[in-house]
Amino acid sequence: MKKRLIILSVIFVLLGGAAYYVSTFKLEKVQVGGCVLSSEDKVRQTVEEEAPLGNILLLWLKNKLSPIQDIPFVAKLDIEFVDKNTLAVTVYEKSVAGCIEYMDSYVYFDRDGIVLETTPEQKEGVPTIDGLDINVWKLNEALPVQDKDRFGMILNITQLVEKYGLSIDRIMFTREGEIVLRHKEIDIELGDGSYLTNQMMNLGSILMGLEGKRGTLYMKDFQSDTSTASFKEK
């Protein structure tokens with residue numbers, strides 16, 4: 001009996017020591033990196049709220065078993081220890097292709113047309129789409145657009161914008177169905193999309209030469225690398 005009591009006492013001491021040691025890992029600082037569309041403050045707040053008893057070790061274990069989710073524009077968080085009281089959080093964002101104005105909000109979608117998020121804020125660097133009518137939508141489902149051909153063209157454009165690192169603020173369509181892009185104070189007329197790949201491939205270098213100008217860039221007949229574009233300044 002005496003031996004058993006000694007063993008139990010040793011176990012309690014060890015458990016108490018382990019519990020005290022774990023308790024010293026208090027979360028005091030969260031370093032956040034990788035945010036472009038997402039909010040550093042929102043990520044930091046969510047991480048702090050998810051920490052059981054404000055403990056770094058318990059948070060790390062919890063995140064391994066059930067990763068933190070439902071932060072706007074965030075696909076994944078990578079959490080690492082800096083020290084006993086500091087975490088470094090690397091944010092991996094969802095790939096956003098464009099957005100559509102819907103009442104007082106913006107509906108953001110990916111390159112496959114899947115709805116990612118909706119916020120009242122317009123995010124810089126994400127083109128706004130004009131010329132698509134939607135009445136209802138659901139998160140994580142495809143946008144219910146009526147004009148499938150036009151939406152297919154939009155997805156093609158947004159993929160090319162991403163591929164060639166272009167800065168496009170708005171994607172529009174004329175009454176005749178022709179494509180018009182907007183870059184800052186420049187409208188870019190692309191025609192019906194027949195030469196879209198060559199147009200987008202060369203657009204970046206053309207816009208570099210027009211930096212700071214206002215007007216219309218005509219590229220309807222831009223069919224190959226040897227083609228020329230014309231610019232009418234306002």
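Values below: all heavy atoms of this structure, side chains included; hydrogens, waters and symmetry mates excluded.
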**Student:** Listed by chain and number, what are the side chain to side chain contact (heavy atoms under 4.5 Å, CB included) partners of Asn140, not counting sequence neighbours?
**Tutor:**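 Checked Asn140 against side chain to side chain contact (heavy atoms under 4.5 Å, CB included); zero matches.
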
**Student:** Can you tell me if Thr158 uses its side chain to pair, donor with acceptor, with the backbone of Ile154 under 3.5 Å?
**Tutor:**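 Yes; at least one donor-acceptor contact below 3.5 Å.
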
**Student:** Could you tell me whether Asp130 and Arg170 make a salt bridge, using a distance below 4.0 angstrom between a side-chain N and a carboxylate O?
**Tutor:**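 Yes, Asp130 and Arg170 are salt-bridged.
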
**Student:** Below 4.5 Å, heavy atoms only, C-beta onward: do Val115 and Thr118 meet side chain to side chain?
**Tutor:**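 The answer is no, as the side chains (C-beta and beyond) never meet within the 4.5 Å cut-off.
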
**Student:** Backbone N or O of Glu178 within a donor-acceptor pair of the Asp192 side chain at under 3.5 Å?
**Tutor:**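 Side chain of Asp192 to backbone of Glu178: no pair is present.
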
**Student:** Is it true that Glu50 and Lys62 have a side-chain N and a carboxylate O under 4.0 angstrom from each other?
**Tutor:**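 Looking at Lys62 together with Glu50, the answer is yes, because their closest N to O distance falls below 4.0 Å.
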
**Student:** Charged N to carboxylate O below 4.0 Å: is that the case for Glu121 and Lys123?
**Tutor:**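 Looking at Lys123 together with Glu121, the answer is yes, because their closest N to O distance falls below 4.0 Å.
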
**Student:** Could you check whether any side-chain heavy atom of Pro144 comes within less than 4.5 Å of a side-chain heavy atom of Trp137, counting everything from C-beta outward?
**Tutor:**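 Yes, their side chains come closer than 4.5 Å.
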
**Student:** Quick one, Leu217 and Leu210 - any side-chain contact, counting heavy atoms below 4.5 Å?
**Tutor:**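 A side-chain contact under 4.5 Å exists here.
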
**Student:** Does this structure show an ion pair linking Lys76 with Glu93, if we count only N-O contacts that are shorter than 4.0 Å?
**Tutor:**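 Looking at Lys76 and Glu93, the cut-off is not met.
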
**Student:** If you take the centroid of each ring, where Trp contributes its six-membered ring, are Tyr102 and Tyr108 closer together than 6.0 Å?
**Tutor:**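 When the ring centroids of Tyr108 and Tyr102 are compared, they turn out to be at least 6.0 Å apart.
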
**Student:** Indicate yes or no: at least one non-hydrogen side-chain atom of Leu61 is less than 4.5 angstrom from one of Leu57.
**Tutor:**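 They are not in contact (no side-chain heavy atoms under 4.5 Å apart), so the answer is no.
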
**Student:** Looking only at atom types and distance, does a side-chain atom of Thr86 sit under 3.5 Å from a main-chain N or O of Val82, one as donor and one as acceptor?
**Tutor:**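 Flag not set: sc Thr86 to bb Val82 has no pair under 3.5 Å.
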
**Student:** Between Asn198 (side chain only) and Gln223 (backbone N and O only), is there a donor and an acceptor less than 3.5 Å apart?
**Tutor:**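 Yes.
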
**Student:** Decide yes or no on side chain to side chain contact (heavy atoms under 4.5 Å, CB included) for Gln69 and Val74, but give the supporting numbers first.
**Tutor:** CA-CA 8 Å; Gln69 298 178 343; Val74 174; over 6 Å; no

**Student:** Any chance the side chains of Gln122 and Thr128 put a donor and an acceptor closer than 3.5 Å?
**Tutor:**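 There is such a pair (donor and acceptor under 3.5 Å, judged by atom type) between the side chains of Gln122 and Thr128.
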
**Student:** Thr228 and Phe222: side chain to side chain contact (heavy atoms under 4.5 Å, CB included), yes or no, with the steps?
**Tutor:** CA-CA 6 Å; Thr228 57; Phe222 201 102; 5.7 Å; no

**Student:** Is a side-chain N or O of Glu162 found less than 3.5 angstrom from the main chain of Ala97, in a donor-acceptor match?
**Tutor:**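 No.
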
**Student:** Please tell me if the side chains of Phe73 and Val96 come closer than 4.5 Å, counting only heavy atoms from C-beta onward.
**Tutor:**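 Yes, close enough: below the 4.5 Å cut-off.
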
**Student:** Quick one: does Gln199's side chain have a donor or acceptor within less than 3.5 Å of a partner on Leu190's backbone?
**Tutor:**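 It does hold such a pair.
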
**Student:** Ser205 side chain to Asn202 main-chain N or O, any donor-acceptor pair under 3.5 Å?
**Tutor:**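 Side chain of Ser205 to backbone of Asn202, a donor-acceptor pair under 3.5 Å: yes, one is there.
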
**Student:** Between the side chains of Arg182 and Asp187, is the shortest nitrogen-to-carboxylate-oxygen separation below 4.0 Å, so that they form an ion pair?
**Tutor:**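 Yes, Asp187 and Arg182 are salt-bridged.
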
**Student:** May I ask you to check whether over 12 heavy atoms, not counting those of Lys232, lie within 6.0 Å of atom NZ?
**Tutor:**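 For Lys232, atom NZ is not crowded (no more than 12 foreign heavy atoms under 6.0 Å).
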
**Student:** Flag the pair Glu117 and Lys94 as a salt bridge only when some basic side-chain nitrogen lies within less than 4.0 angstrom of an acidic carboxylate oxygen.
**Tutor:**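 Counted as a salt bridge, because a side-chain N and a carboxylate O are separated by less than 4.0 Å.
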
